[in-house]
Amino acid sequence: MAFIIKPVVTEKMTKTTEKRPNRYGFIVRPEANKIQIKEEVESLYNVTVVDVNTMFYAGKRSRRFTRAGLIKGKTSSYKKAIVTLKEGDTIDFYSNI
């Protein structure tokens, strides 16, 4: 079962990777644990994972007033994993473009 949904390639995560070159972020399934994330990253990218930190983001409610009336919505909740690799290992997300 695939636990990794997609890598996080944002400006904030890029700054973190530049500051600490062996840290990468991934959006993962909420039921995934650290051991499963570690094994999947190692098998997909052929690297050695030293540490995995996970955090859960709750969805936020939003609403806006329009000419048609009040529109209500909600952003999705998700789980993010920050993976620390062994010194010298790197992941290139843009290699298969």
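All values below were derived from every heavy atom in this structure, side-chain atoms included, with hydrogens, water molecules and symmetry-related copies excluded.
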Exercise for the section: With rounding to the nearest 0.5 Å, note down the distance linking NZ in Lys79 to CG in Asn33. Expected result: 7.0 Å

Problem - Side-chain donor or acceptor of Tyr24 paired with backbone N/O of Thr84 under 3.5 Å - result: no

Handout entry: side-chain contact (heavy atoms from CB on, under 4.5 Å) involving Ser76 - partner list, sequence neighbours excluded
Key = none

Exercise for the section: Indicate if Ile4 and Leu85 have the same hydrophobic cluster label, given that clusters are the connected sets of ILVMFWY residues with side-chain heavy-atom separations under 4.5 angstrom. Expected result: yes

Exercise for the section: Could you tell me which non-hydrogen atom of Lys72 sits nearest to which non-hydrogen atom of Leu70, and how far apart they are? Expected result: CE-CD2, 3.6 Å

Problem - Closest approach of Ala81 to Ile37 (non-hydrogen atoms, all atoms of both residues) - result: CB-CD1, 4.0 Å

Handout entry: Validation row: Phe26, Leu44 side chains within 4.5 angstrom (heavy atoms)
Key = no

Let me check something: any side-chain donor-acceptor pairs from residues 47-67 under 3.5 Å, sequence neighbours excluded? List them with distances.
from  : atom 1 : to    : atom 2 : distance (Å)
Thr66 : OG1    : Ala68 : N      : 3.4
Thr66 : OG1    : Gly69 : N      : 3.4
Thr66 : OG1    : Gly69 : O      : 2.8

Practice task
Could you grab the distance from atom NZ of Lys12 to atom OG1 of Thr16, nearest 0.5 Å is fine?
Solution key: 7.5 Å

Practice task
Applying side-chain hydrogen bond (donor to acceptor under 3.5 Å, both in side chains), name anything that partners Glu87, two or more places apart in sequence or on another chain.
Solution key: Asn22

Practice task
Test side-chain contact (heavy atoms from CB on, under 4.5 Å) on Lys80 and Val8 and set out the steps.
Solution key: CA-CA 9 Å; Lys80 185 165 86 171; Val8 178; 4.1 Å; yes

Exercise for the section: Would you name the heavy atoms of Gln36 and Ala32 that are closest together and state the gap between them? Expected result: OE1-CA, 3.4 Å

Handout entry: Set of side-chain contact (heavy atoms from CB on, under 4.5 Å) partners for Glu31, sequence neighbours left out
Key = Met1, Arg29

Exercise for the section: Answer yes or no: are there more than 12 heavy-atom neighbours, outside Ile71 itself, under 6.0 Å from its atom CD1? Expected result: yes

Handout entry: Hydrophobic cluster membership, Tyr45 vs Ile82, 4.5 Å side-chain cutoff
Key = no

Completion exercise
What one should report as the nearest heavy-atom pair of Thr17 and Arg23 is OG1-O, 3.0 Å

Practice task
Report yes if the side chains of Thr14 and Glu18 come closer than 4.5 Å at any heavy-atom pair, otherwise no.
Solution key: yes

Practice task
Using the rule that two of Ile, Leu, Val, Met, Phe, Trp, Tyr join whenever any of their side-chain heavy atoms come within less than 4.5 Å, decide whether Val83 and Phe93 are in one cluster.
Solution key: yes

Practice task
For residues Tyr94 and Val9, determine if any side-chain heavy atom of one lies less than 4.5 Å from a side-chain heavy atom of the other.
Solution key: yes

